[in-house]
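Along the sequence shown, residues are numbered consecutively beginning with 1.
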Amino acid sequence: MKSGKCPKCSSKNIIKIKDILHANGGGNITQSRHLFTDNKCAKVTFYICENCGFVENYLDEDEIKKLK
């Protein structure tokens with residue numbers, strides 16, 4: 001869905017939400033969506049199809065670098 005098209009229903013109505021980390025370690029979507037590696041943390045970007053509700057999540061390139 002990063003390409004702007006849902007792989008399930010072919011809709012182009014995609015919502016993109018980048019998670020936010022809060023001081024308590026929680027996020028605006030769910031705590032379990034964060035990836036931790038040796039005290040490093042990355043924010044997940046969610047892609048949601050407005051038509052069928054299909055969801056995919058990815059780490060943006062800048063977030064992947066934070067885990068290295």
Side-chain angles (χ1 to χ4, degrees):
M1 286 203 296
K2 288 168 68 173
S3 66
K5 184 178 176 184
C6 177
K8 187 173 180 182
C9 73
S10 299
S11 173
K12 292 185 179 181
N13 296 324
I14 306 298
I15 300 168
K16 179 182 176 182
I17 302 172
K18 187 162 188 169
D19 205 359
I20 298 170
L21 295 178
H22 299 285
N24 66 2
N28 67 345
I29 304 294
T30 174
Q31 264 185 316
S32 65
R33 301 312 299 166
H34 302 291
L35 304 178
F36 297 93
T37 306
D38 296 326
N39 294 323
K40 297 177 184 176
C41 186
K43 294 179 274 185
V44 177
T45 300
F46 298 86
Y47 293 83
I48 306 160
C49 176
E50 288 183 26
N51 185 55
C52 72
F54 183 75
V55 177
E56 287 185 346
N57 49 53
Y58 295 90
L59 291 178
D60 293 336
E61 197 172 311
D62 59 324
E63 296 297 327
I64 293 170
K65 290 178 184 176
K66 291 179 183 179
L67 298 177
K68 293 181 179 182

Charged N to carboxylate O below 4.0 Å: is that the case for Lys43 and Asp62?
-> no
Glu56 side chain to Met1 main-chain N or O, any donor-acceptor pair under 3.5 Å?
-> yes
Are Ile64 and Phe46 connected, step by step, through hydrophobic side chains (Ile, Leu, Val, Met, Phe, Trp, Tyr) whose heavy atoms are closer than 4.5 Å?
-> yes
Is there side-chain contact between Ser11 and Lys5, with heavy atoms separated by less than 4.5 Å?
-> no
Is the NZ or CZ atom of Lys2 both under 6.0 Å from the centre of the six-membered ring of Tyr58 and within 45° of that ring's axis?
-> yes
Test side chain to side chain contact (heavy atoms under 4.5 Å, CB included) applied to Asp19 and Thr45, step by step | CA-CA 6 Å; Asp19 205 359; Thr45 300; over 6 Å; no
Got Ile48 and Ile14 here, is their nearest side-chain heavy-atom distance under 4.5 Å?
-> no
Where is the tightest heavy-atom contact between Cys9 and Cys6, given as atom of each residue plus distance?
-> N-SG, 3.5 Å
